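Since we're looking at a predicted model, the values are computed, not measured.
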Amino acid sequence: MDLGLAGRNAVVTGGSKGIGLAIVRGLAAAGAQVIVGARKSSADLDELARTGQVQIVQADLADPSGPATLIERAGDRIDALVNNVGSAPARTGGFLSITDADWHATIELDLMAAVRATRAALPGMLAAGTGVIVTTCSVNARLPDPAVMDYSVAKAGLASFCKALSKEVGPQGIRVNTVSPGPVATDLWLGQGGVAQTVGAASGAAPQEVASQAASQMVTGRFTRPDEVADLVLFLASDRASNITGADFVIDGGLIQTL
């Protein structure tokens, strides 16, 4: 399916690996020009940048000035903003182990980075009378989990922010949607220092056991692939989804089993 993204200008936050990298790869393959914000690049992202369709802006998106710096580097025209940057630190010590610094760090990256990037990009979209904002949220926005308590709270706030914004800017031609993955086969879950390894170290289980237990909670019995999330984001960024706004799309292998 041709999504009509060729020639579009897109900004992706947190695009050096995982879901973000898959989104960047998909946008570039569809012919878009992509500006990627990340604290540091990666070999895979560097390879995409050599095609000439991807530009890397190194910025700390948890810093209050980072998102605005990224958007400024992107130029006057942004057709699509993908707020993807985030982190989900496992809190194996429970609520009392989560310090004020932990809460602030999680909220800055998982909520405020999207708020600030959107604030910086929105005036140009409003002036153009068109634009798309797609934000990577999480099933934990509706499935609060004590193992990722601060992350769950930040993502719930992110979902509420995007829904409220969609109502404000929809009449001006701006579409705002969220994509909420369950466990995804990325380093965040499966890599060094990821959820599986951290939870396994605390419980005495092997990381593979933790991952298998998580996969068994999904109807499909497996983790979502990053490219599957990217395909959904690309569709929402395209004119094929021109009458979809204020919606949240869950991609979790059937993990959420309620209506």
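Of all heavy-atom pairs spanning Val229 and Ile251, the tightest one is N-CD1, 4.0 Å. Minimum heavy-atom separation, Leu190 to Ala211: CD2-CB, 3.7 Å. For the pair Ser87 and Leu109, the tightest heavy-atom approach, listed with the atom from each and the gap, is CB-CD2, 3.7 Å. Nearest heavy atom pair, residue Arg8 against residue Arg77, reads CA-NH2, 3.9 Å. When all heavy atoms of Pro67 and Ala117 are compared, the pair lying nearest together is CB-N, 3.5 Å. Shortest non-hydrogen contact noted between Val11 and Leu70 is CG1-CD2, 3.7 Å.
Looking at Lys40 and Lys17, their side chains never come closer than 4.5 Å, going by heavy atoms from C-beta outward. Contact check for Asn9 versus Ile78: no side-chain heavy atoms found under the 4.5 Å cut-off. Under the 4.5 Å side-chain criterion, counting only non-hydrogen atoms from C-beta, Leu143 is in contact with Ile256. Asp46 has its side chain within reach of Ile56: a pair of non-hydrogen atoms, C-beta onward, lies under 4.5 Å apart. With contacts defined as side-chain heavy-atom distances shorter than 4.5 Å, the pair Asp252/Ser180 does not qualify. Contact annotation: the side chain of Pro146 never approaches that of Arg91 to less than 4.5 Å [non-hydrogen atoms, C-beta and beyond]. With a 4.5 Å cut-off on side-chain heavy atoms, Leu48 and Val34 do not count as touching. Side chains of Met149 and Trp103 form a contact here, defined as non-hydrogen atoms less than 4.5 Å apart.
Of the possible polar contacts, one joining the Asn177 side chain to the Ala247 backbone as a donor-acceptor pair under 3.5 Å is found. Judged by distance alone, the side chain of Thr198 and the main-chain N or O of Val195 form no donor-acceptor pair under 3.5 Å. Side-chain N or O atoms of Asp248 include none that pairs as donor or acceptor with a backbone N or O of Ala159 at under 3.5 Å. Proximity of a side-chain donor or acceptor of Asp79 to a complementary backbone N or O of Val132 within less than 3.5 Å is not detected. Side-chain atoms of Ser42 come within 3.5 Å of backbone atoms of Ser16 as a donor-acceptor pair (strictly under, hydrogens ignored). Between the side chain of Arg73 and the main chain of Ile35, no donor-acceptor pair closer than 3.5 Å is present. Not a single donor-acceptor pair under 3.5 Å links the side chain of Ser160 to the backbone N or O of Gly157. Ser212 contributes no side-chain N or O that, together with a main-chain N or O of Glu209, makes up a donor-acceptor pair within less than 3.5 Å. Judged by distance alone, with hydrogens and angles left aside, the side-chain atoms of Thr13 form a donor-acceptor pair with the main-chain N or O of Val85 at under 3.5 Å. When atom types are taken as modelled, the side chain of Thr224 and the backbone of Val184 share no donor-acceptor pair closer than 3.5 angstrom.
Atom CD1 of Ile98 sits about 14.0 Å away from atom OH of Tyr151, to the nearest 0.5 Å. For the atom pair Asp227 CG and Leu232 CG, the distance stands at 12.0 Å (nearest 0.5 Å). Rounding to the nearest 0.5 angstrom, the gap separating the CG atom in Leu27 from the CG atom in Leu234 is 4.5 Å. Atom CD of Gln172 and atom CE of Met125 lie 13.5 Å apart (nearest 0.5 Å). Atom CD in Gln53 sits 5.0 Å away from atom OG1 in Thr51 (nearest 0.5 Å). The CD1 atom of Ile19 sits 8.0 Å away from atom CG of Leu188, with the distance rounded to the nearest 0.5 Å.
Between the side chains of Ser152 and Asp145, not a single donor N or O lies within less than 3.5 Å of an accepting N or O. Residues Asp63 and Ser65 bring a donor and an acceptor atom of their side chains to less than 3.5 Å of each other. Asp102 and Thr99 form a side-chain donor-acceptor contact under 3.5 Å, judged by distance and modelled atom types alone.
Ion pairing between Glu47 and Arg25 fails under the 4.0 Å rule for side-chain N and carboxylate O. Ion pair Asp231/Arg225 not flagged as a salt bridge, since none of the NZ, NE, NH1 or NH2 atoms sits closer than 4.0 Å to an Asp/Glu carboxylate oxygen.
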Asn84/Val233 under side-chain contact (heavy atoms from CB on, under 4.5 Å): CA gap, chis, key distance, verdict: CA-CA 10 Å; Asn84 172 75; Val233 170; over 6 Å; no

Stepwise side-chain contact (heavy atoms from CB on, under 4.5 Å) check, Val210 with Trp189: CA-CA 10 Å; Val210 176; Trp189 245 100; 4.2 Å; yes

side-chain contact (heavy atoms from CB on, under 4.5 Å) evaluation trace for Asn83 with Thr118: CA-CA 8 Å; Asn83 290 310; Thr118 301; 3.1 Å; yes

Stepwise side-chain contact (heavy atoms from CB on, under 4.5 Å) test for Phe161 and Thr135: CA-CA 10 Å; Phe161 161 66; Thr135 299; 5.9 Å; no

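Cluster annotation: Phe249 is connected to Leu5 through the hydrophobic network of ILVMFWY side chains, with a link wherever side-chain heavy atoms come within less than 4.5 Å. Using a 4.5 Å cut-off between side-chain heavy atoms of Ile, Leu, Val, Met, Phe, Trp and Tyr, with links allowed through other members, Val134 and Ile71 fall into different hydrophobic clusters. With hydrophobic clusters built from ILVMFWY side chains whose heavy atoms lie under 4.5 angstrom apart, Val153 does not share a cluster with Val148. Hydrophobic clustering keeps Leu21 apart from Phe223 (ILVMFWY residues linked when any side-chain heavy atoms are closer than 4.5 Å, directly or through intermediates). At a threshold of 4.5 Å between side-chain heavy atoms, the hydrophobic network of Ile, Leu, Val, Met, Phe, Trp and Tyr places Leu158 and Val12 in two separate groups.
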